[in-house]
Amino acid sequence: MGDIFSYGFMINAIYASILASIVCGIVGTYVVVKRIVFISGGISHTAYGGIGLGYFLGFNPLFGAIGFSIMSAGFLSVMRKKKTQHEDTIIGIMWAFGMAAGIIFVNLTPGYSPNLMNYLFGNILTVPRSEIIMMLILAAFIMLMVTLFFREFQAVTFDEEYARTLGLPVDKLYFLLLIIIALTTVLLIKLVGIILVVALLSIPSAISIKFVKSIGQMMVMSVLLGLLFTLSGLFLSYYLNLSSGAMIIMTASAGYLVSNFIHYLKKKSYIKGIN
Amino acid sequence: MTNAVEINNVFVKFESTLVLEDVSVSLAQGEFLGIIGPNGGGKTTFLKVILGLIKPDSGSVNIFGAPITRNRNLVSYVPQYSSFDADYPISVLDVVLSGRLSRSRMFGRFSKEDKEIVEKSLELVGMQDFKKRLAGGLSGGEKQRVLIARALAKQPKIILLDEPTASVDAASGKNFYSMLQKLNEEMTIILVSHDIGAVSQNVKKIACLNRNFVFHDSKELTHDMVEAAYHCPVDLIAHGLAHRVLQSH
């Protein structure tokens, strides 16, 4: 076990896992209670267009991903307000458009693009120090917003219509929430990749919602579960020499199954207690 | 004195269906209006128009002489309890506290005063012992009372209730109406329900709504009103009511 920490990339990978778990636990809680897992998937896949654009124009693809995902969040908020089309239809179109745009940009880029798979499925071992710092800034921004608007986000995710009758700026708060989700998916892209982002965002919160009594508790439990899944997935991928992103999702999925079993036992013993 | 609610010639259309047609009504402060009508007759839409959640295609709505956007803090709403997400991890106390939020008080935390008002609201509906409980685990009637407490936490001048007794049995329904009558001493109440009997016994004024608003500024429910609202002959027999709400016929 000693030698694993002697690699610089492994230390960076651990930092990235910790940051990702914290943000995922907090933002994933809103994603799960507001039932917008599919929206988060749409936003993360649209980000692929930005990654392609980054390759094509020669800047850090992550900046392209931030631009595209925030644009998709804005587009979704506007279309939601206009109600001209069902939200899921728009998400589906955006999802495919983003992927297509990404691939075309990569096609247009001269030369071979070996890192493409890293963005689709993640490769935590390729996260450089500079990107850790970028992740840190994103995470700090997300935590600041959630701290500032904790009560308002709770009101909007619990009962949107009632929040409107209170005079809260519901559409703006919802847009801010989507921006936070967009930034979170970007932050997770290097860790688990675009395709697997949704799982890491939703699984820890989907487990904790069954065991908690408040949004705050749900966030804390989701962060702890995220740490468990990302770190154990990371070590397993190192020792088994398998893809880190896929391994993390595997441990998370296994955790989800186990949690369902525990929840079932808890319910059963509760019913027994009543009888 | 300005009227609590003043609605003039309101029309609401969804797509091409007319939901509210030329609705006008004025309510003085301290009124208790019951609105009955069939499902799909526009009762909830009517409430949402007052709340500013639905913008009428034409006509005007004023709350104490000003549009709802300026007087939002005066009106509170009790939605049907089924609007409640049972899986959401939130305590009864936090649900009621959320009623203290408003645009001008964004950021920060709830004050001691907020918490005292919330305690009082919970006591008024008899839910003070439930405040630590998960809101999603309550029975229908209990959820309803929590939603009323949330509406009261705003300290409104007008309170709108949408089918509040839908899940309440007859005995607790009686308690429920005596609670409303107590609230009515301090605020104007508008209640919609399809429960003709209970409504007509407990309100001060009654109206029928089925796209058109039939209102005689009294609590007498006439045959014509009900027939107009339900578009079919209705037999109204007044038997054993505490006081007569139906004209003799």
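Source: prediction; values computed, not measured. To find a chain, count down the sequence lines: A is the first, B the second, and so on, and within it residues start at 1.
Of the atoms belonging to Phe149(A), it is side-chain heavy atoms, and not backbone ones, that fall under 4.5 Å from chain B. Looking at Gln217(A), there are no atoms closer than 4.5 Å to chain B (heavy atoms on both sides), in backbone or side chain. Interface remark: Ala135(B) contributes no atoms to any contact with chain A (heavy atom separation under 4.5 Å). When heavy atoms are compared at a cutoff of 4.5 Å, Leu101(B) approaches chain A by way of both its backbone and its side chain. Of the two parts of Thr157(A), the backbone and the side chain both hold a non-hydrogen atom closer than 4.5 Å to a non-hydrogen atom of chain B. For Ile90(B), the parts lying near chain A are the backbone and the side chain together; criterion is any non-hydrogen pair under 4.5 Å. Contact annotation for Arg150(B): both backbone and side-chain heavy atoms come within less than 4.5 Å of a heavy atom of chain A.
Between Tyr162(A) and Ser98(B), the side chains place no donor N or O within less than 3.5 Å of an acceptor N or O (distance only, hydrogens not considered).
The choice from Arg151(A), Glu152(A), Arg164(A) that makes the most heavy-atom pairs within less than 4.5 Å of chain B is Arg151(A). Chain A forms the most heavy-atom pairs under 4.5 Å with one residue out of Arg100(B), Met106(B), Lys48(B), and that residue is Met106(B). With chain B as the partner, the residue from Gly216(A), Pro169(A), Ser208(A), Ala155(A) showing the most heavy-atom pairs under 4.5 Å is Pro169(A).
Within the 4.5 Å cutoff, no side-chain heavy atoms of Arg133(B) are placed close to those of Lys213(A). Contact annotation: the side chain of Leu166(A) never approaches that of Ser102(B) to less than 4.5 Å [non-hydrogen atoms, C-beta and beyond]. Under the 4.5 Å side-chain criterion, counting only non-hydrogen atoms from C-beta, Met218(A) is not in contact with Tyr88(B).
Counting heavy atoms of neighbouring residues, nucleotides and ligands inside a 6.0 Å radius, atom CZ of Phe64(B) exceeds 12 of them. Within 6.0 Å of CZ in Phe97(A) there are 12 or fewer heavy atoms belonging to other residues, nucleotides or ligands. The local environment of CE in Met143(A) is crowded, with over 12 non-hydrogen atoms from other residues, nucleotides or ligands closer than 6.0 Å. Other residues, nucleotides and ligands place no more than 12 heavy atoms under 6.0 Å from the OH atom of Tyr15(A). Within a 6.0 Å radius of CD in Glu113(B), other residues, nucleotides and ligands contribute 12 heavy atoms or fewer.
Under a 3.5 Å cut-off, the side chain of Arg103(B) and the backbone N or O of Gly167(A) do form a donor-acceptor pair.
Proximity to chain B among residues 33-45 of chain A is limited to Val33(A), Arg35(A), judged by heavy-atom separations below 4.5 angstrom.
For the atom pair Glu161(A) CD and Leu53(B) CG, the distance stands at 5.0 Å (nearest 0.5 Å). Glu160(A) contributes atom CD, which lies 12.5 Å from atom CG of Asp85(B) (distance to the nearest 0.5 angstrom).
By the side chain to side chain donor-acceptor pair (under 3.5 Å) test, Lys210(A) is found to be paired with Asn260(A), residues two or more places apart in sequence or in another chain being considered.
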Could you walk me through whether Val75(B) and Thr165(A) pass the side chain to side chain contact (heavy atoms under 4.5 Å, CB included) test, one step at a time? CA-CA 8 Å; Val75(B) 189; Thr165(A) 70; over 6 Å; no

